[in-house]
Amino acid sequence: MPRDMKKVAPVLLISALPFANYVIFPLAYMYPRTLLTSHFWSVQQKVDFAQIDLRNRLLYNRRVFRCMQSKLDALKKSHDPAYEKFSYILGLLGSGLHPTSEEILDVKEVFQRPPFHLNSLSSSHLKYLCRLHDIHAGLLRRFRLSERAYVVHHMDMAIKREGGVHNMPIESLKHACYLRGLNAHNMSAESMIDWLQEWVKVSLVVDEDCISMLLHLPILLTYNHTSNWILIH
């Protein structure tokens, strides 16, 4: 992937210089998370680094959730027919529970128009979403967020085409959970499968108009998950 090539390029370029490999390779060995991509990590390093990255992302969960709550009044004032259902979902999250995939799909139209459409999100909301998805929060934030959402969406479509979540090997299950915002450490295969099935049910109906729903799905499905709370507390 281009992102991987950019990360490892400095090591490869410096190692091509005379005698530089005696310096850069030991440094890469000492700081693999910074200087190398996951292709060069051991199995344990992949688990450790995935948890570190996810912990950093989870720190923005509460901020994104607060942004969602702050837009609830605007939804009410616009007499949105889905206000009551969406208010109920945010209430569930606030009380330590999660909505089901069916309940999330029932408010799909909320993400198709202001104030939750991707083009309507505030600057701070976009910044926190970028941090939540481990995306650079500089210029072109909306483009990068939509690109990220489409990548995950197409990965979910591929999972469906290849027989579903229950056919994935255990390491693929863990990677899929980490990528989507769930700490898979010490989770059983059954628990990961159940959670991913809920995610895929929602992801498969995402289209260009409601791409914002997929970007907020880590909040809707993992905000109160015990595995994530253990990681950040």
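- Under a hydrophobic-cluster definition in which Ile, Leu, Val, Met, Phe, Trp and Tyr are linked whenever side-chain heavy atoms come within less than 4.5 Å, directly or via other members, Leu90 and Leu214 are assigned to the same cluster.
- Leu72 places a side-chain heavy atom less than 4.5 Å from the side chain of Ser87.
- Here the side chains of Cys67 and Tyr128 are in contact, with some heavy-atom distance below 4.5 Å.
- Residues Leu215 and Leu132 come closest through the heavy atom pair O-CD2, 4.5 Å.
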- Item | Step-by-step side chain to side chain contact (heavy atoms under 4.5 Å, CB included) determination, Gln45 to Ser42 | CA-CA 5 Å; Gln45 284 176 328; Ser42 66; 3.2 Å; yes
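- Using a 4.5 Å heavy-atom threshold, the side chains of Ser78 and Tyr83 count as separate.
- The shortest heavy-atom contact between Leu196 and Arg180 is CD2-CD, 3.8 Å.
- Under a 3.5 Å cut-off, the side chain of Glu103 and the backbone N or O of Thr100 do form a donor-acceptor pair.
- Atom-to-atom distance recorded for Gln51:CD and Asn56:CG is 12.0 Å, nearest 0.5 angstrom.
- Rounding to the nearest 0.5 Å gives a distance of 5.0 Å between CG of Leu179 and NE2 of His175.
- Ion pairing of Arg33 with Asp48 is absent here, as no side-chain N (NZ or NE/NH1/NH2) approaches a carboxylate O to less than 4.0 Å.
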- Given salt bridge (Lys or Arg N to Asp or Glu O under 4.0 Å), test Lys46 with Glu171 step by step and report yes or no. CA-CA 11 Å; Lys46 289 180 180 180; Glu171 289 305 319; over 6 Å; no
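- Counting heavy atoms from C-beta on, the side chains of Glu162 and Asn167 never come closer than 4.5 Å.
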- Message: Assess the residue pair Asp53 and Tyr178 against the criterion (side chain to side chain contact (heavy atoms under 4.5 Å, CB included)); give the C-alpha distance rounded to whole Å, side-chain angles, the decisive distance to 0.1 Å, and a yes or no.
- Response: CA-CA 9 Å; Asp53 291 338; Tyr178 279 119; over 6 Å; no
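- Taken together through direct or relayed side-chain contacts under 4.5 Å among Ile, Leu, Val, Met, Phe, Trp and Tyr, Phe111 and Ile211 form part of one hydrophobic cluster.
- The cluster map of Ile, Leu, Val, Met, Phe, Trp and Tyr, joined by side-chain heavy atoms under 4.5 Å apart, puts Leu93 and Val110 in the same cluster.
- Residues Asp134 and Arg148 are not paired through a salt bridge, judged by the lack of any N-O separation under 4.0 Å between the basic side chain and the carboxylate.
- Connection of Leu121 to Ile89 is established within a shared hydrophobic cluster, with ILVMFWY side chains joined at heavy-atom distances below 4.5 Å, either directly or through further cluster members.
- At least one donor-acceptor pair under 3.5 Å links the side chain of Ser15 to the backbone N or O of Leu12.
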- Query: Checking ring-ring contact (aromatic ring centres under 6.0 Å, His included) for the pair His216/His125: CA distance, chi angles, key distance, verdict?
  - Reply: CA-CA 11 Å; His216 289 88; His125 196 153; 5.0 Å; yes
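- At distances below 3.5 Å, not a single donor-acceptor pair connects side-chain atoms of Lys85 with backbone N or O atoms of Asp106.
- Using modelled atom types, one side-chain atom of Asn224 and one backbone atom of Leu97 make a donor-acceptor pair closer than 3.5 Å.
- Between the side chains of Ser123 and Arg141, at least one donor N or O lies within less than 3.5 Å of an accepting N or O.
- Rounded to the nearest 0.5 angstrom, Glu198 CD and Leu220 CG are separated by 12.0 Å.
- Heavy atoms of other residues, nucleotides or ligands lying less than 6.0 angstrom from CG of Leu139 number 12 at most.
- Although no hydrogens or angles enter the test, the distance criterion places a donor-acceptor pair under 3.5 Å between the side chain of Asp207 and the main chain of Cys210.
- For Tyr88, the OH atom counts as loosely surrounded, since its 6.0 Å shell holds 12 or fewer non-hydrogen atoms of other residues, nucleotides or ligands.
- A distance of 8.5 Å separates CD1 in Ile159 from OG in Ser172, rounded to the nearest 0.5 Å.
- In this structure, the side chains of Met155 and Ser203 stay at 4.5 Å or more apart for every pair of heavy atoms.
- For Trp195 (side chain) and Leu221 (main-chain N/O), a donor-acceptor pair under 3.5 Å exists by modelled atom type.
- In this structure, a donor-acceptor pair under 3.5 Å is present between the side chains of His39 and Thr37.
- Leu54 places none of its side-chain heavy atoms less than 4.5 Å from the side chain of Ile232.
- Within the 3.5 Å criterion, the main-chain N or O of Phe116 finds no donor-acceptor partner in the side chain of Ser120.
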- Message: Applying side chain to side chain contact (heavy atoms under 4.5 Å, CB included) to Ile219 and Met68, what does each step give before you reach the verdict?
- Response: CA-CA 10 Å; Ile219 302 297; Met68 296 174 73; 4.0 Å; yes
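- Between the CD1 atom of Ile135 and the CD atom of Glu147 there is a distance of 8.5 Å, given to the nearest 0.5 Å.
- Within 6.0 Å of NZ on Lys127 lie no more than 12 heavy atoms contributed by other residues, nucleotides or ligands.
- Within a 6.0 Å radius of CD in Glu102, more than 12 heavy atoms belonging to other residues, nucleotides or ligands are found.
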- Evaluate the side chain to side chain contact (heavy atoms under 4.5 Å, CB included) criterion for residues Trp199 and Val152: first the C-alpha distance (whole Å), next the side-chain angles of each, then the deciding distance (0.1 Å), finally the verdict. CA-CA 11 Å; Trp199 176 288; Val152 175; 4.0 Å; yes
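- The shortest heavy-atom contact between Leu36 and Val8 is CD2-CG2, 4.4 Å.
- A single hydrophobic cluster is not seen to contain both Met192 and Trp229; linkage of ILVMFWY side chains at heavy-atom distances under 4.5 Å, directly or through other members, places them apart.
- Looking at Ile230 and His185, their side chains never come closer than 4.5 Å, going by heavy atoms from C-beta outward.
- The two residues Leu92 and Pro99 come nearest to each other via the heavy atoms CD1-CA, 3.9 Å.
- Counting only distance, with no hydrogens or angles, the side chain of Arg161 and the backbone of Asp156 share no donor-acceptor pair below 3.5 Å.
- The closest donor-acceptor contact from the side chain of Asn228 to the backbone of Gly181 lies under 3.5 Å.
- No side-chain donor-acceptor contact under 3.5 Å links Ser191 to the backbone of Met187.
- When all heavy atoms are compared, the tightest approach of Lys201 to Ser101 is CD-OG, 3.4 Å.
- With a 4.5 Å cut-off on side-chain heavy atoms, Asn183 and Cys177 do not count as touching.
- Rounding to the nearest 0.5 Å gives a distance of 13.0 Å between CD of Gln112 and CG of Leu118.
- In plain terms, the two heavy atoms of Arg131 and Arg57 that are nearest each other are O-CG, 3.7 Å.
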